[in-house]
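Input: a single structure, listed below in structure tokens.
Letters go in sequence order (proteins before strands), and every chain restarts at 1.
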Number of protein chains: 2
Amino acid sequence: MNLVKAWDILKENGYKETSKRNQILELFVNDDRYLTARDLLDVMQKDYPSMSYDTVYRNLATFVSLGILEETELSGERHFRMHCESDSHHHHFICMDCGKIKEIPVCPMDMLGAALPAYEIDNHKFEIYGKCPACK
Amino acid sequence: MNLVKAWDILKENGYKETSKRNQILELFVNDDRYLTARDLLDVMQKDYPSMSYDTVYRNLATFVSLGILEETELSGERHFRMHCESDSHHHHFICMDCGKIKEIPVCPMDMLGAALPAYEIDNHKFEIYGKCPACK
DNA sequence: ATGTAAATCGTAATCATTCTTAATTAGAAA
DNA sequence: TTTCTAATTAAGAATGATTACGATTTACAT
């Protein structure tokens, strides 16, 4: 996902263009990893010392709901990153050191199609955790 | 996992037998679902009105570290349940209504063995969420 | 029965997250 | 360009889960 595409989505849904939103998005475009709300606020406050948690969390929630960012829970904290470019369903290897991801193109649900009759399947989560080659 | 086995593990590791520990374990043995610390405290306080969060969380952490309980994060809260009997590696379907689980005997990592060379794989998570037949 | 380390209680502190109210701002309309 | 209005933000209080701490109690080895 890039800036232009993100703004297209935001504009389509009637959201206004603010410098803070833009800088949050730029940060995610340039820093391709999972970040916490706290991480984000720390970086943003270098340019906007008065930025509050509310702004961070409100915009993160907006971006996630529009599919601009994706979210996961790592060691008890919510982490956010720019949604991948690839529009096909996939999963992630996540480096627990640097937060960078590697896309895993296969989905285990493909092989479980009929394995759970009578169950209503609403969602699933498949993530692999470890160290990427650079951090190992 | 049953009470006897759980106490074997606790004793092996030098933990003392207390009535509260026993009642927490009994509760998990009899209520085969994912519960939050809050759920647990609410039930326990019927018999031990003075039980504190500290006791709940401390024992939950102990039980998880010894492999007596297993833990997962559901909609922003930690949930705990008795560790499954089956000692072979498996995953879970989790009913988001009643918290009950169904074991999924297959593991997607089996098919990804060599797909991530140069990566150090420490852990992985595969869970399926939805409604069980009873709740559907 | 006694001593000691472990366990628990009661409560305060902490951390992430959400909420509230008032002030500011982007973008539409005049 | 100026005005208007709804969206956005700031500042900080409130919430809810979790952890920490000093004082007290308890399990159990001796």
Side-chain angles (χ1 to χ4, degrees), chain A residues 3 6-27 34-66 68-69 71-81 99, chain B residues 3 6-27 34-66 68-69 71-81 99:
Chain A
L3 256 190
W7 276 118
D8 282 351
I9 296 172
L10 284 162
K11 288 304 181 66
E12 273 169 27
N13 291 88
Y15 288 93
K16 291 181 178 176
E17 182 166 351
T18 70
S19 61
K20 284 153 205 191
R21 274 199 182 126
N22 199 56
Q23 189 147 342
I24 292 174
L25 291 171
E26 278 182 349
L27 196 154
Y34 273 110
L35 300 171
T36 63
R38 171 95 239 168
D39 293 336
L40 180 59
L41 185 63
D42 286 346
V43 178
M44 292 297 295
Q45 286 190 332
K46 287 174 189 161
D47 287 306
Y48 301 97
S50 68
M51 179 175 280
S52 72
Y53 271 114
D54 188 72
T55 302
V56 168
Y57 279 108
R58 185 167 22 73
N59 283 310
L60 286 175
T62 300
F63 296 159
V64 169
S65 74
L66 295 175
I68 294 170
L69 295 182
E71 179 184 358
T72 195
E73 211 263 17
L74 301 172
S75 47
E77 267 183 282
R78 286 155 73 196
H79 287 62
F80 303 85
R81 56 165 275 119
Chain B
L3 255 189
W7 276 118
D8 283 350
I9 296 172
L10 283 162
K11 288 302 180 68
E12 273 169 28
N13 290 88
Y15 289 92
K16 293 181 177 173
E17 181 166 353
T18 70
S19 61
K20 283 152 206 192
R21 274 199 181 126
N22 200 55
Q23 188 147 342
I24 292 174
L25 290 171
E26 277 182 349
L27 196 154
Y34 272 110
L35 299 172
T36 63
R38 171 95 238 169
D39 293 337
L40 181 59
L41 185 62
D42 286 346
V43 177
M44 292 296 295
Q45 286 190 332
K46 287 174 190 162
D47 288 306
Y48 301 97
S50 69
M51 179 174 280
S52 73
Y53 272 115
D54 188 69
T55 302
V56 167
Y57 279 106
R58 185 167 23 73
N59 281 309
L60 286 174
T62 299
F63 297 160
V64 169
S65 75
L66 295 176
I68 295 170
L69 295 182
E71 178 184 358
T72 195
E73 211 262 16
L74 301 172
S75 47
E77 266 183 281
R78 285 156 72 196
H79 287 64
F80 303 86
R81 55 165 277 120

*asked:* Counting only side-chain nitrogens and oxygens, does Arg21(B) get under 4.0 Å of the OP1 or OP2 atom of dA7(C)?
replied: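 Looking at the OP1 and OP2 atoms of dA7(C), one of them is under 4.0 Å from a side-chain N or O of Arg21(B).
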*Under 3.5 Å, is there a donor-acceptor pair between the Asp39(B) and Thr36(B) side chains?*
yes
*Where is the tightest heavy-atom contact between Val56(B) and Met51(B), given as atom of each residue plus distance?*
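Shortest heavy-atom contact: CG2-SD, 3.9 Å.
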*Closest approach of Ile68(B) and Ala6(B), non-hydrogen atoms and distance?*
CD1-O, 3.6 Å
What N/O pairs connect the protein and nucleotides 24-26 of chain C at under 3.5 Å? Give each pair on its own line.
unit_1  : atom_1 : unit_2   : atom_2 : d
dA26(C) : O3'    : Glu17(A) : O      : 3.2
dA26(C) : N3     : Lys16(A) : NZ     : 3.2

*Mind checking what makes salt bridge (Lys or Arg N to Asp or Glu O under 4.0 Å) contact with Glu71(B), not counting sequence neighbours?*
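If we apply the salt bridge (Lys or Arg N to Asp or Glu O under 4.0 Å) test to Glu71(B), skipping adjacent residues, the hits are Arg78(B).
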*asked:* Tell me which residues in residues 43-64 of chain B lie within less than 4.0 Å of DNA chain C, going by non-hydrogen atoms.
replied: Ser50(B), Met51(B), Ser52(B), Asp54(B), Thr55(B), Arg58(B), Asn59(B)
Mind checking what makes side chain to side chain donor-acceptor pair (under 3.5 Å) contact with [X], not counting sequence neighbours?
X	result
Ser19(A)	Tyr48(A)
Tyr53(B)	Arg38(B)
Thr18(B)	none
Thr72(A)	Lys125(A), Glu127(A)

_Leading and trailing nucleotides of DNA chain D with any atom under 4.0 Å from heavy atoms of chain B_ = dA17(D) to dC28(D)
*May I have all residue pairs that pass salt bridge (Lys or Arg N to Asp or Glu O under 4.0 Å) and include part of residues 13-23 of chain B, sequence neighbours excluded?*
Lys11(B)-Glu17(B)
*Write out all pairs satisfying salt bridge (Lys or Arg N to Asp or Glu O under 4.0 Å) with one or both partners inside residues 44-60 of chain B, taking only residues at least two apart or from two chains.*
Asp54(B)-Arg58(B)
Between atom [atom1] in [X] and atom [atom2] in [N], what is the gap in whole Å?
X	N	atom1	atom2	answer
Gln23(B)	dA7(C)	CD	C1'	16 Å
Asp42(A)	dC15(C)	CG	P	13 Å
Glu73(A)	dC15(C)	CD	P	18 Å
Arg78(B)	dC15(C)	CZ	P	16 Å

*asked:* Return the CE to OG distance between Met44(A) and Ser52(A), rounded to the nearest 0.5 Å.
replied: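 Going from the CE atom of Met44(A) to the OG atom of Ser52(A) covers 11.0 Å.
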*With rounding to the nearest 0.5 Å, note down the distance linking CG in Asp8(B) to CG in Leu66(B).*
12.0 Å
*If a stem is a run of at least 3 consecutive Watson-Crick or G-U pairs, both distances under 3.5 Å, which stems include DNA chain C?*
C:1-30 with D:1-30
_Could you walk me through whether Thr62(B) and Leu10(B) satisfy the side-chain contact (heavy atoms from CB on, under 4.5 Å) test, starting with their C-alpha distance in whole Å, then the side-chain angles of each, then the deciding distance to 0.1 Å, before giving a yes or no?_
CA-CA 9 Å; Thr62(B) 299; Leu10(B) 283 162; 4.2 Å; yes
